[in-house]
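Note that the coordinates shown come from a computational prediction; the quantities given were computed from them, not determined experimentally. Each chain gets a letter, A, B and so on, in the order its sequence line appears, and its residues count up from 1.
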Number of protein chains: 2
Amino acid sequence: MPQPSAPRKTLGRPPRISREEVVTTARRIVDSEGVDRLTMRRLATEIGSTPMALYHHVRNKEELLVLLLDDYAARALHRPELPAQPRERIVVAAAAIHEALAACPWIVEVLTADDLMSASALWFVEQIVDGLVACGLTPERAIQGYRAIWYYTVGEIVVRATAARRRTDDDRPTYRERIFADLDPGELPRLAQAADHWAPLTAEDTYLDGLRAMVDGLLAAR
Amino acid sequence: MPQPSAPRKTLGRPPRISREEVVTTARRIVDSEGVDRLTMRRLATEIGSTPMALYHHVRNKEELLVLLLDDYAARALHRPELPAQPRERIVVAAAAIHEALAACPWIVEVLTADDLMSASALWFVEQIVDGLVACGLTPERAIQGYRAIWYYTVGEIVVRATAARRRTDDDRPTYRERIFADLDPGELPRLAQAADHWAPLTAEDTYLDGLRAMVDGLLAAR
DNA sequence: GCTATTTTCCTTACATGTATAAAAACTTGC
DNA sequence: GCAAGTTTTTATACATGTAAGGAAAATAGC
């Protein structure tokens, strides 16, 4: 792993490829052919090297994907005009992150990363935390609040993306469908009643509603 | 794939293993040696068969894991005494699901399943939806509310589990640590201020706080 | 120039999920 | 009993991530 700060005149065999080149090439593959086509071998040949050489610049494939997400965030996250009102500021900042991530289908495998992803997302995090503080939360509470929002956001994206993947994967009846088919209306009346319109309901995009609810709830807890 | 309803006197070569046997054996392996040791080959030899034979009883490994989760939920989800007050009922039901899932570390890979997982969890879902309706939400809103809670719950578990995995994987400095190390307090004051106690804060278990906030917010939206 | 050291790269090998195609073990219709 | 059809099982093969160990290419000390 190359040291970030190497003031020395470089010792050892000089590298022929760089971490940046690896990431850039990976990005090109993902952009043009989808994340499924990104294999270490493919990337290696594309870059004119061997698979194992990549592992000197990237810890493993997962780290490569995190770096890609990072790179993507830096390009896709444009800072919007934020409303002055703190509560709205929180909502808009979170929604901006959500929108960028949701537009990036391959992201799911990485999204489970620890909190705040890339450096370029930090500004949004700052806005959210600051908004929560401006609404009267203590700094600790504000951070916890941000995390709650982040959990909700990740959950929404991951669940929806997986559901979508499963749907295209296959056309046999889903587990869900079979379960809903034989619901006992005596024991589970609400679900039985909802059985028919469950699918359309879950297809709706209600991220914003949930987000607002979460923010309202966080602020009401003052 | 065996038909659920096969009234006929069974046609074709009689099966030597059953889906149930596959799941049961898989469960034994996971329970005793962890989910990492569950490979299709290992499972096959354990069961006295060949890897590809399993694929006649289970669509693929992911489905096997879903079935395992199902099985786990059926055993681990005990219906608690629910409070009479609807708001508290929602919280307790959701917390019960969360507790069971969080106690099951291998679950993450499956947790991204479409909404409501196993049949045995449906009762909890019913309680949540019913509680929301009892608090005045329309049935549609109640289902959306349940889904928001589910997203939050999945996000919490997935993010925390992945963070934990990454931590044990490696002891090199995290991405997060490096980012926090050089925060610009001018641009990101809240984060810079929080940099030191970010790690302990994120280690805290605040699921319940976020859950209450979400529920409060959902109910306030009436 | 020569050896030691350091860093990067390459070769080989393995475990894994699973696609494909053929074989095996049945029932049914004749 | 035999051909056709159906379902399960097996054998073989491939793509993938990556571990292990050695080769290559540079610098540093002599």
Side-chain angles (χ1 to χ4, degrees), chain A residues 1-22 25-26 29-30 33-68 106 109-110 165-166 169-170 172, chain B residues 1-22 25-26 29-30 33-68 106 109-110 165-166 169-170 172:
Chain A
M1 204 60 50
Q3 295 294 48
S5 59
R8 297 198 281 160
K9 210 189 166 207
T10 76
L11 187 66
R13 175 173 177 166
R16 295 169 55 156
I17 61 181
S18 69
R19 177 180 179 124
E20 206 188 328
E21 191 182 357
V22 171
T25 311
I29 296 178
V30 169
E33 308 182 36
V35 74
D36 288 346
R37 286 295 175 78
L38 179 66
T39 70
M40 297 306 266
R41 284 170 230 264
R42 169 75 198 280
L43 181 53
T45 54
E46 194 91 351
I47 221 174
S49 184
T50 61
M52 291 313 290
L54 304 175
Y55 285 82
H56 262 259
H57 304 271
V58 159
R59 190 177 305 177
N60 49 33
K61 193 178 178 183
E62 190 183 347
E63 188 186 75
L64 173 60
L65 288 174
V66 171
L67 290 173
L68 277 179
W106 54 268
E109 332 188 16
V110 206
R165 179 164 54 82
R166 293 234 173 96
D169 260 17
D170 213 298
R172 273 180 281 184
Chain B
M1 204 63 47
Q3 294 295 47
S5 60
R8 298 197 280 160
K9 209 187 165 208
T10 75
L11 188 65
R13 175 171 178 168
R16 296 168 56 155
I17 60 182
S18 69
R19 178 183 179 120
E20 205 189 327
E21 190 181 358
V22 170
T25 312
I29 296 178
V30 169
E33 308 182 36
V35 74
D36 288 347
R37 285 295 175 78
L38 179 66
T39 71
M40 298 306 266
R41 284 170 229 266
R42 169 73 196 282
L43 181 53
T45 55
E46 195 90 352
I47 220 173
S49 184
T50 61
M52 290 315 290
L54 304 176
Y55 285 83
H56 261 259
H57 305 270
V58 158
R59 189 177 305 175
N60 50 33
K61 192 178 178 184
E62 191 182 346
E63 188 185 74
L64 173 60
L65 288 174
V66 172
L67 290 172
L68 278 179
W106 54 269
E109 333 189 16
V110 207
R165 180 164 54 81
R166 294 236 172 95
D169 260 17
D170 213 299
R172 272 180 281 184

K.L.:
Take the protein atom CD1 of B:Ile29 and the nucleotide atom P of C:dT16, then report the distance between them rounded to whole Å.
P.N.:
11 Å

K.L.:
Given C:dT16, D:dG17, C:dA23, which nucleotide is nearest the side-chain atoms of B:Arg13?
P.N.:
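For the B:Arg13 side chain, the nearest candidate turns out to be C:dA23.
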
K.L.:
May I have the distance from A:Arg37 (atom CZ) to D:dG17 (atom P), rounded to whole angstrom?
P.N.:
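After rounding, the reported distance stands at 13 Å.
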
K.L.:
With DNA chain C as reference, determine whether B:Met52 or A:Ser49 sits nearer its 5' end, using the nearest nucleotide of each.
P.N.:
A:Ser49

K.L.:
Once you round it to whole Å, what is the distance between C1' of C:dT16 and CG of B:Asn60?
P.N.:
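After rounding, the reported distance stands at 14 Å.
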
K.L.:
A:Leu54 versus A:Leu64: any side-chain heavy-atom pair under 4.5 Å?
P.N.:
no

K.L.:
With sugar-phosphate meaning primed atoms plus P, OP1 and OP2, does B:Leu38 contact a base, only sugar-phosphate, or nothing at under 4.0 Å between heavy atoms?
P.N.:
sugar-phosphate

K.L.:
To the nearest Å, give me how far apart CG (A:Leu54) and C1' (D:dT16) are.
P.N.:
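Spelled out: CG on A:Leu54 to C1' on D:dT16 is 14 Å.
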
K.L.:
Base, sugar-phosphate alone, or nothing: which one does B:Arg16 contact when heavy atoms must sit under 4.0 Å apart?
P.N.:
sugar-phosphate

K.L.:
Output, in order, the C-alpha distance, side-chain angles, deciding distance and verdict of side chain to side chain contact (heavy atoms under 4.5 Å, CB included) for A:Thr45 and A:Arg41.
P.N.:
CA-CA 6 Å; A:Thr45 54; A:Arg41 284 170 230 264; 5.7 Å; no

K.L.:
Measuring to OP1 and OP2 of D:dT8, would you say a side-chain N or O of B:His56 lies under 4.0 angstrom away?
P.N.:
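Answer yes for this pair, as a side-chain N or O of B:His56 is under 4.0 Å from OP1 or OP2.
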
K.L.:
With a 4.0 Å limit, can you tell me whether B:Thr10 has a side-chain N or O closer than that to the phosphate oxygens OP1/OP2 of D:dT7?
P.N.:
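Checking D:dT7 against B:Thr10, no side-chain N or O comes under 4.0 Å of OP1 or OP2.
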
K.L.:
Begin from the C-alpha positions of A:Ile29 and A:Thr39 and carry the test side chain to side chain contact (heavy atoms under 4.5 Å, CB included) through to its verdict.
P.N.:
CA-CA 9 Å; A:Ile29 296 178; A:Thr39 70; over 6 Å; no

K.L.:
Go through D:dT6, D:dG17, C:dT16 for me and flag the one nearest to the A:Thr39 side chain.
P.N.:
D:dG17

K.L.:
Starting from C1' on D:dT9, measure out to CD on B:Glu21 and report it in whole angstrom.
P.N.:
14 Å

K.L.:
Which listed nucleotide (D:dT18, C:dA25, C:dC9) is nearest to the side chain of B:Pro14?
P.N.:
C:dA25

K.L.:
Is there a donor-acceptor pair under 3.5 Å between the side chain of A:His57 and the backbone N or O of A:Ile17?
P.N.:
yes

K.L.:
Find the distance B:Ile47:CD1 to D:dT9:C1' and express it as a whole number of Å.
P.N.:
13 Å

K.L.:
Output the single nucleotide from C:dT18, D:dG17, C:dT27 whose closest atom is nearest the side chain of B:Tyr55.
P.N.:
C:dT18

K.L.:
Does CD in A:Glu46 sit with more than 12 non-hydrogen atoms of other residues, nucleotides or ligands closer than 6.0 Å?
P.N.:
yes

K.L.:
Rounded to whole Å, how long is the line connecting atom CD of A:Glu62 with atom C1' of D:dT16?
P.N.:
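It works out to 16 Å between those atoms.
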
K.L.:
Side chain of A:Lys61: nearest nucleotide among D:dT18, C:dC9, C:dT18?
P.N.:
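Nucleotide nearest to A:Lys61's side chain: D:dT18.
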
K.L.:
If I take atom CG in residue A:Leu11 and atom C1' in nucleotide C:dA4, what distance separates them, rounded to the nearest angstrom?
P.N.:
11 Å

K.L.:
Of B:Ala53 and B:Arg41, whose closest DNA chain D nucleotide lies nearer the 5' terminus?
P.N.:
B:Ala53

